[in-house]
Amino acid sequence: MYLLEVYVTNATLNINRPFTYLSDQKVSLYCRVKVRFHNADNLAIVSSCKYTDQDIEQLKTELGYEPLYISAIVDEEPVLSKELFDLAFWLSRTTISPLISCLNSMLPKALKTSKKHSSPKMIARFHKYEGDFPFTKRQKEVYDLLYEGIIASDARKISVSIIPKLISLNAIEEYEEETVFTNKEIASSAFKTLTPSQQKAYEAILDTDKSVSLLFGVTGSGKTEVYLHLARHYLAQGKDVLILVPEISLTPQMIERVKQRFTDVVFYHSELSDQERYEQYKRVRNKEVRIVVGTRSSIFLPFHDLGLIIIDEEHDSSYKQDSVPCYHVKNVAFKRAKDHHGKVLLASATPSLESYTRALRGDYQLLQLKDRINHSLPKIEIIDLNTQVRNHSSYIITKPLKEEIGKCLEHGKQAIILLNRRGYSPIVKCGECGSTLMCQDCDTPLNYHKDEDVLKCHQCGRIYKRIDRCPSCGHKPLLYYGFGTKKAQEELQKLFPEAKIERMDRDSTYRKGAHEAILKRFEAHEADILLGTQMIAKGLDYPDVTLVGILNADAGLMHQDYNSAKVTFDLLMQASGRSGRADHPGKVLIQAFNPDHYAIKAVLSQDYTYFYNIEMNYRNKTKYPPYSHIIEILLSDNDEDKIKESVAYLYEQIKDLPFKIYKPYELGRSKALYRYRLLLMDKDLLALLKQTNEVIDRYVAARKHSRVRIDVDPLYLE
Ligand code: ADP
Ligand code: ZN
């Protein structure tokens with residue numbers, strides 16, 4: 001008999017320990033098994049399997065309870081390697097989240113342990129046996145048409161009625177096989193010859209002893225070409241290469257660029273179906289493919305020998321998962337590179353403060369590409385919206401911007417207009433009593449969406465019928481304030497009736513493939529103007545774009561968040577970088593109410609260092625990251641009394657710890673849940689993690705019910 005230790009999924013308890021089960025058969029480590037747990041069937045992952053010659057009675061005495069037998073073995077092959085299983089442990093400790101949630105984040109859905117899993121897709125085929133069978137003439141005809149491994153549904157197309165007869169004669173037999181998803185192949189074409197500065201960066205990355213390099217290169221400096229050359233080098237050495245890109249940057253253009261160089265490459269991202277993800281996972285595991293371009297979760301693919309991990313736009317917030325486990329892909333990349341003795345290349349035009357600081361200190365190798373491939377940075381100008389308002393001019397599309405768009409279109413060029421707010425009007429207000437329409441489940445104002453003529457909550461997605469009377473005082477009509485992409489589109493179309501405008505935001509891209517289709521149309525120059533939210537700011541490289549307009553550029557600075565200046569600076573720099581990337585000089589017009597803010601001024605002079613110095617000074621004074629680490633504990637509950645009790649318990653546990661501890665802070669409701677936040681801040685991350693892990697263990701043991709989510713080094717604090 002074998003004693004197994006297994007990790008079970010259980011949504012209600014944050015249990016972070018294995019349970020003991022029995023098995024007559026030996027089970028390989030890291031395979032899944034079916035077990036009864038809390039009177040329900042559950043999947044679990046085996047972490048240890050030991051032979052024992054004790055009998056049940058002896059075990060019962062030893063364990064203090066009678067262990068159950070597992071109900072079934074699910075996998076013959078492990079779903080994880082030891083490296084990945086250990087990685088899950090590490091992830092669990094460093095993000096303070098249940099091990100099982102880490103395992104579930106790491107595996108493609110088809111291999112997850114949760115009960116709602118979708119199995120790998122199977123396809124039925126037939127074995128064809130040779131021999132003397134007592135066939136009728138018709139049966140013989142059908143039999144002769146079949147071949148070994150024929151897909152069952154194809155066989156049945158030949159004859160639905162004869163096939164069962166052949167089966168009963170044991171002439172053929174049905175079996176199931178996992179389907180295989182194949183990538184369309186495109187011939188590889190020549191690599192571009194690197195410019196001297198690209199070549200220098202390329203060689204420095206190969207030559208350095210440092211495990212991490214930071215490639216700080218302005219937009220359009222040819223970073224992607226450097227990645228592709230590096231990838232070729234590592235592949236030639238038989239090593240795996242992973243190129244990570246932000247959620248939205250895996251554009252058709254990017255995919256095309258990579259495909260032109262490498263025939264066999266995996267693209268791993270959220271638009272793949274579960275089945276496709278599983279296929280790609282297997283291809284990496286079976287060493288069929290050694291280069292992957294993917295978003296965050298591809299860091300967990302079962303690579304064998306990772307030579308290089310490239311993180312493009314390393315400052316991007318989509319590298320942080322915002323659900324449990326709230327991991328940052330960079331930390332996982334460092335860990336995996338260490339395990340594989342590989343290197344990490346971080347790259348950005350606007351590096352994170354932390355990475356740039358480390359590079360300046362010499363922890364990372366710092367490499368710079370200061371010039372664009374076309375040697376021409378765009379010209380950036382500001383339009384002060386205060387003046388526009390004073391002159392009673394439009395402040396959605398101002399006159400100077402309108403004129404530039406007009407010129408751009410006249411020359412047959414294309415414009416990109418960024419407005420980081422979707423919908424039509426973000427605020428609907430009563431002019432009489434001043435009350436704003438709010439979501440009933442969230443403490444958030446409702447957005448008016450004109451297409452569907454409804455009010456939407458952008459926090460929880462709940463949709464309300466439009467009303468024209470104030471629910472508080474009955475006054476009518478209501479006033480619509482502010483503007484989103486839909487209204488800007490309307491304005492643009494009014495100003496340029498002939499122009500073809502594509503709008504890209506969450507509302508226009510929720511259907512699978514829509515994002516791709518919009519970009520393809522813009523690339524083919526079927527549209528003149530691409531208007532959208534931050535989705536359009538990153539990675540796009542269209543030679544005909546000579547104008548970028550940014551509306552309400554400083555709206556993001558209004559958030560009272562420690563990181564909002566950096567986020568705004570990054571967004572504006574990225575968006576500006578879309579202009580004038582080829583032969584034609586580019587222009588950028590920025591419309592803002594705070595032209596004197598240092599983030600805006602830094603964008604105007606395209607000067608990262610100017611921004612960095614001011615921002616670091618502020619971070620130093622306030623001791624915000626990178627001068628400290630933050631652990632955020634978020635509690636949520638639908639019961640107001642219970643959450644208060646949980647918060648009080650946790651605060652009592654942490655208030656005397658030797659860190660900077662903030663008083664509990666009540667956040668607005670979201671999705672009908674009450675929410676509170678606790679913060680711990682200190683320079684010593686390991687001490688923070690250790691203490692918080694212990695506090696959370698006590699919290700779980702004390703059976704407090706409010707849901708807890710931990711975010712280590714949150715990128716923003718709402
Ligand atoms: P980044 O990623 O730094 O914004 P890209 O890699 O998109 O820059 O490069 C900008 C443009 O320059 C692209 O159109 C790319 O094809 C082109 N390019 C890059 N490197 C070279 C090179 N060595 N020779 C010619 N063109 C290049
Ligand atoms: Zn809501």
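One-based numbering, in listed order, for ligands and for the atoms of each.
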May I ask you to decide if the ring planes of H328 and Y319 are parallel, tilted or perpendicular, using 30° and 60° as cut-offs?
tilted
Can you tell me which residues line ligand 1 if we count any heavy atom under 4.0 angstrom from one of its atoms, in chain and number order?
K192, T193, L194, T195, Q198, V218, T219, G220, S221, G222, K223, T224, E225, R257, I373, D541, R581
Angle between ring planes, Y364 versus F334, binned at 30° and 60°: parallel, tilted or perpendicular?
tilted
Would you call Q321 and R296 a side-chain contact if the rule is heavy atoms closer than 4.5 Å?
yes
Go through Y480 and Y424 one step at a time and tell me if the ring pair (Phe, Tyr, Trp, His ring centres under 6.0 Å) criterion holds.
CA-CA 9 Å; Y480 293 76; Y424 191 83; 7.6 Å; no
Check V548 against S579 and note the closest heavy-atom contact, atom names and distance.
CG2-CB, 3.6 Å
Using 30° and 60° as the class boundaries, would you call the ring planes of F569 and F611 parallel, tilted or perpendicular?
parallel
Which protein atoms of type N, O or S are found under 2.8 Å from the Zn ion (ligand 2)?
C439 SG, C442 SG, C457 SG, C460 SG
Pairing of E314 and K330 as salt bridge, 4.0 angstrom limit
yes
Do the side chains of R336 and D240 get close enough for a salt bridge, i.e. N-O under 4.0 angstrom?
no
Tell me, do I529 and I417 make a side-chain contact under 4.5 Å, heavy atoms counted?
yes
